[in-house]
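Below: the structure, in structure tokens.
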Protein chains: 2
Amino acid sequence: MTNTTPRLLDEQLCFAFYSASKKFNHFYQDALKPFHLTYPQYITMLALWETSPMTVRELGSHLNLDSGTLTPLLKRLEKQGWITRTRSEQYERQVNVNLTDYALEERDNVYARVNDCIDLMKMTGVDYDHLLNQIHEVMDELDQIRQKDLIKEA
Amino acid sequence: MTNTTPRLLDEQLCFAFYSASKKFNHFYQDALKPFHLTYPQYITMLALWETSPMTVRELGSHLNLDSGTLTPLLKRLEKQGWITRTRSEQYERQVNVNLTDYALEERDNVYARVNDCIDLMKMTGVDYDHLLNQIHEVMDELDQIRQKDLIKEA
DNA sequence: AACAATTTAGTTGTACACGATTAATTCAAT
DNA sequence: ATTGAATTAATCGTGTACAACTAAATTGTT
């Protein structure tokens with residue numbers, strides 16, 4: 001018996017994640033326009049506002065991004081005055097990412113703006129905790145599959 | 001009262017969508033490696049296997065992608081022999097995207113491969129329909145917000 | 001018919017995302 | 001101490017995304 005059609009629900013689920021992710025991206029793009037921050041830049045700043053300094057590697061493991069993505073992104077944040085990048089003195093091979101005074105000053109303004117925009121959504125029909133759980137369940141499945149053989153060969 | 005921290009659940013939800021979308025992307029990247037198709041290319045082919053020919057505009061409204069994304073993507077699919085792009089004769093301004101014989105021949109192989117990989121996931125703890133509903137609920141909220149004023153002004 | 005408005009696809013520029021590679025530094029083990 | 005392995009960030013190449021713009025074709029209005 002051959003499969004002549006893809007499994008509809010999985011397809012729909014994947015496409016839903018794909019679409020929702022893009023929509024959230026636009027949402028933050030709009031919300032953060034006053035600060036000229038994209039969503040990836042924003043979550044980078046969020047991580048740094050929580051813990052700083054961090055090395056590129058540490059940031060990457062928080063955000064699941066590698067240096068190929070982070071290095072240019074961090075250069076843009078640096079150029080816009082949010083962060084500084086300095087080689088660590090003890091370990092020349094790593095780079096410490098630090099917040100600027102500007103970033104510390106603007107933090108609460110950014111938070112307030114994001115919260116104001118989020119308040120526009122009235123997520124009445126959404127059970128956050130359950131939804132988050134289900135998404136993490138799916139992600140765990142996907143992580144486990146990467147370990148297996150079938151998907152790796154070819 | 002000022003907001004000095006972002007609303008945690010919304011942040012987590014957005015980041016979960018962002019991460020899950022990337023993971024699904026890798027999953028399909030691996031699954032479709034034998035066919036040299038990326039996920040966006042795959043969903044484009046899915047749409048065409050269901051209905052073809054379609055104009056670039058029609059494809060775009062199915063996939064929520066504009067010509068800036070689709071034109072180069074379609075050129076790649078054309079170069080790899082999956083589709084042809086021909087100006088419509090009645091309406092010179094639109095381009096018909098057609099499947100090649102190769103695409104028709106390979107369809108079931110692609111479906112089978114995707115299904116085999118999807119079968120590796122045993123989504124025991126996931127209620128598909130409910131999860132899909134919740135995601136669409138969130139997307140509807142995001143769509144409604146784009147209409148509003150606060151988010152539009154810079 | 002003439003011309004403005006609209007539609008369609010393509011182009012350009014910016015910004016991720018990531019695999020693969022490179023270069024520099026540090027560690028380890030003899 | 002020397003050399004081989006591992007770690008870290010940067011770089012390069014490919015492929016999305018999308019806003020803004022352009023060019024061509026079509027439609028609407030006068």
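The shown structure was predicted, so the numbers you read here are calculated from the model rather than taken from an experiment. Quick note on labels: first sequence line is chain A, next is B, and so on, each numbered from 1.
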Criterion ring pair (Phe, Tyr, Trp, His ring centres under 6.0 Å) against A/Y42, the qualifying member of A/F24, A/F35, A/Y28, A/F27: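 Result for ring pair (Phe, Tyr, Trp, His ring centres under 6.0 Å) with A/Y42: A/Y28.
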Carboxylate-amine/guanidinium proximity below 4.0 Å for A/R87 and A/E92: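 Salt bridge between A/R87 and A/E92, a charged N being under 4.0 Å from a carboxylate O: no.
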Specify the separation, in whole Å, of atom [atom1] of [X] and atom [atom2] of [N].
{"X": "B/F24", "N": "C/dA17", "atom1": "CZ", "atom2": "C1'", "answer": "18 Å"}
{"X": "A/Q80", "N": "C/dA15", "atom1": "CD", "atom2": "C1'", "answer": "11 Å"}
{"X": "B/L65", "N": "C/dG10", "atom1": "CG", "atom2": "C1'", "answer": "15 Å"}
{"X": "A/K79", "N": "C/dT14", "atom1": "NZ", "atom2": "C1'", "answer": "11 Å"}
{"X": "A/H36", "N": "C/dA15", "atom1": "NE2", "atom2": "P", "answer": "12 Å"}
{"X": "B/D66", "N": "C/dT11", "atom1": "CG", "atom2": "C1'", "answer": "12 Å"}
{"X": "A/L59", "N": "C/dC16", "atom1": "CG", "atom2": "P", "answer": "14 Å"}
{"X": "B/F17", "N": "C/dA17", "atom1": "CZ", "atom2": "C1'", "answer": "20 Å"}

Would a distance-only check, ignoring hydrogens and angles, find a side-chain to backbone donor-acceptor pair under 3.5 Å from [X] to [Y]?
{"X": "B/Q94", "Y": "B/V56", "answer": "no"}
{"X": "B/S21", "Y": "B/F17", "answer": "no"}
{"X": "A/T69", "Y": "A/L65", "answer": "no"}

Boundaries of the chain B footprint along DNA chain D (any atom under 4.0 Å from a heavy atom):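 Extent of the interface on DNA chain D: D/dG15 to D/dT27.
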Touch class at under 4.0 angstrom, heavy-atom based, for A/L73 against every strand present: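 Contact class for A/L73: sugar-phosphate only.
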Within 6.0 angstrom of B/Y91 OH, more than 12 heavy atoms from elsewhere: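 It does not: B/Y91 OH has 12 such atoms or fewer within range.
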Spacing of CG belonging to A/L37 relative to CD belonging to A/E106, to within rounding of 0.5 Å: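 Separation between the atoms: 9.5 Å.
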Intermediate values then yes/no, side-chain hydrogen bond (donor to acceptor under 3.5 Å, both in side chains), A/D10 and B/Y128: CA-CA 8 Å; A/D10 310 84; B/Y128 279 107; 2.8 Å; yes
Residue-level proximity of residues 40-54 of chain B to DNA chain D when a heavy atom falls under 4.0 Å: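 Those residues whose heavy atoms fall under 4.0 Å from DNA chain D, taken from residues 40-54 of chain B in numerical order, are B/P40, B/Q41.
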All pairs passing salt bridge (charged side-chain N to carboxylate O under 4.0 Å, His left out) where residues 49-63 of chain B contributes a residue, at least two apart: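 Of all non-adjacent pairs touching residues 49-63 of chain B, none passes salt bridge (charged side-chain N to carboxylate O under 4.0 Å, His left out).
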Ring pair (Phe, Tyr, Trp, His ring centres under 6.0 Å) contacts in which one or both residues fall within residues 47-69 of chain A, not counting sequence neighbours: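 Counting only pairs at least two positions apart or across chains, the ring pair (Phe, Tyr, Trp, His ring centres under 6.0 Å) contacts touching residues 47-69 of chain A are A/W49-A/Y111.
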Difference in axis direction between the ends of the helix from C/dA1-D/dT30 to C/dT30-D/dA1, five pairs, 10°: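 Angle reported: 10°, given to the nearest ten degrees.
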Every protein N/O within reach of nucleotides 3-9 of chain C N/O, cut-off under 3.5 Å:
unit_1 : atom_1 : unit_2 : atom_2 : d
C/dT7  : O2     : B/R93  : NH1    : 3.2
C/dT8  : OP2    : B/R57  : NE     : 3.0
C/dA9  : OP1    : B/V56  : N      : 3.2
C/dA9  : OP1    : B/V95  : N      : 3.2
C/dA9  : OP2    : B/R57  : N      : 2.6

A/K22 side-chain N/O to C/dC16 phosphate OP1/OP2 under 4.0 Å: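 False: A/K22 side-chain N/O out of range (4.0 Å or more) of C/dC16 OP1/OP2.
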